[in-house]
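Residue numbers count from 1 along this sequence.
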Amino acid sequence: MSTIARRTLLAAALAASLPLFAHAAEQKSVAVTAIVDHPALDAARKGIEDELKAAGFEPGKQIKYQYQSAQGNPATAAQIAKKFVGDAPDVIVAIATPSAQAAVAATRSIPVVFTAVTDPVAAKLVPSWQPSKTNVTGVSDKLALAPQLDLIAKIKPGAKRVGMVYSPGEVNSVVVAKELKTELAKRGMSLVEAPAPRTVDVAPAAKNLIGKVDVLYTSTDNNVVSTYESLAAVAQQGKLPLVASDTDSVKRGAIAALGQNYYDIGRQTGKLV
């Protein structure tokens, strides 16, 4: 074998071994948090984990991985974000707006990837829908409202008053309510709002809509979705059709839904991570 051939083989062997040495020396870490556990957000998290695994980074094996839920409490979300910053992971993944807001407020240096956020601009996560040029990026689950209203019209022909229970503290829900009011007005319809600041307020808020609306509509509000069965029970008692923008809500009591595939959103998020 010639000297050149030996050198080529040696260089190839060294090049092949370098990633192994680098990986062994510095294992990457991913810290994931969600505002609450419910089917849509759980599906997004599963999509993230599966995408990482498909890319050769199986959680708990090739990468350090941790997950914490804020159990619906924004104050807990802030505590989790601060803990994650102290852990200094390579990336923080924040599922849903309150957790994303907490993570973005906690660091300007660690990359933050958000997901399941309807309007990241209104939530002040990024300055615009263009590349942020900051440490923040992510995937939005924003839905076009016109098809939602088309679905409501199919389920309840002639409906004029649409009731919506939502959390006034969740910026995404406030944005949806505002835009929904505008879209309904174009069709000669109106929105009847029922604020529910806490999970325990959801069922009572829904009860207040009985006799005032023709149909109930739910967005991806995390307070509402996390206790969907209680709202569905009220809708059934009041004989009100319940239409959702989260397809998993059909299994939990909605009569129909048109929404995103949150597992696919998770896979998109995993690619960014």
Side-chain angles (χ1 to χ4, degrees), residues 5-70 77 80-97 99-104 106-118 120 125-126 129-142 220 246-248 259-273:
R6 288 195 186 97
R7 286 175 180 171
T8 301
L9 284 173
L10 179 59
L14 285 171
S17 67
L18 282 175
L20 296 176
F21 287 124
H23 181 73
E26 184 183 353
Q27 189 179 35
K28 298 296 183 181
S29 60
V30 178
V32 183
T33 182
I35 187 60
V36 71
D37 295 310
H38 64 62
L41 302 189
D42 295 346
R45 175 159 54 94
K46 180 66 164 57
I48 293 166
E49 293 168 356
D50 285 355
E51 186 62 35
L52 289 173
K53 184 177 179 180
F57 299 102
E58 186 170 359
K61 293 186 178 180
Q62 288 83 9
I63 54 170
K64 295 177 183 177
Y65 181 91
Q66 61 175 310
Y67 168 72
Q68 290 193 27
S69 168
I80 291 171
K82 289 178 182 177
K83 177 192 179 298
F84 281 179
V85 171
D87 294 340
D90 290 288
V91 60
I92 296 173
V93 184
I95 305 175
T97 303
S99 286
Q101 289 173 315
V104 170
T107 180
R108 292 186 179 182
S109 56
I110 298 173
V112 175
V113 180
F114 62 78
T115 192
V117 171
T118 301
L125 303 178
V126 290
W129 287 91
Q130 300 302 313
S132 70
K133 298 181 181 179
T134 69
N135 63 314
V136 183
T137 188
V139 180
S140 169
D141 62 355
K142 189 176 181 66
T220 53
D246 168 32
T247 55
D248 284 316
Q260 306 272 15
N261 184 314
Y262 277 85
Y263 177 78
D264 287 349
I265 286 175
R267 294 296 296 247
Q268 284 185 275
T269 307
K271 290 181 187 298
L272 289 178
V273 174

Is a donor on one side and an acceptor on the other found under 3.5 Å between the side chain of [X] and the backbone of [Y]?
X      : Y      : value
Thr118 : Asp141 : no
Asp90  : Val30  : no
Gln260 : Lys142 : yes
Asn135 : Thr107 : yes
Thr137 : Val113 : no
Gln27  : Lys61  : yes

Measure the spacing between [atom1] of [X] and [atom2] of [Y] and express it to the nearest 0.5 Å.
X      : Y      : atom1 : atom2 : value
Lys53  : Ile63  : NZ    : CD1   : 12.0 Å
Tyr262 : Thr220 : OH    : OG1   : 4.0 Å
Ile265 : Thr115 : CD1   : OG1   : 6.0 Å
Asp87  : Ile80  : CG    : CD1   : 11.5 Å
His38  : Asp246 : NE2   : CG    : 7.0 Å

Review point. Strictly by modelled atom types, are Glu49 and Tyr67 linked by a side-chain donor-acceptor pair under 3.5 Å?
Key: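 No pair is found: no donor N or O on one side chain lies under 3.5 Å from an acceptor on the other.
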
Check [X] against [Y] and note the closest heavy-atom contact, atom names and distance.
X      : Y      : value
Ala116 : Ile95  : CB-CG2, 4.3 Å
Thr33  : Phe84  : CB-CE1, 3.7 Å
Ala70  : Ala77  : CB-N, 3.6 Å
Phe114 : Ser140 : CE1-N, 4.4 Å
Ala103 : Ala94  : CB-CB, 4.3 Å
Ile35  : Ser99  : N-OG, 2.9 Å

Review point. Under the salt bridge (Lys or Arg N to Asp or Glu O under 4.0 Å) test, which residues partner Lys64, sequence neighbours left out?
Key: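 In terms of salt bridge (Lys or Arg N to Asp or Glu O under 4.0 Å), with neighbours along the sequence ignored, Lys64 is linked to no residue.
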
**Study point:** Pairwise side-chain contact, Val93 with Leu272, heavy-atom cut-off 4.5 Å (strictly under)
**Key:**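 A side-chain contact is absent here, since even the closest heavy-atom pair is not under 4.5 Å.
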
Point to revise | By side-chain contact (heavy atoms from CB on, under 4.5 Å) - contacts of Glu51 (at least two apart) | key: Arg267, Lys271

Counting only pairs under 3.5 Å, give me each side-chain donor-acceptor contact of residues 40-48, with atom names and distances, residues two or more places apart or in other chains.
residue: Lys46; atom: NZ; partner: Asp50; partner atom: OD1; Å: 3.1
residue: Lys46; atom: NZ; partner: Asp50; partner atom: OD2; Å: 2.8

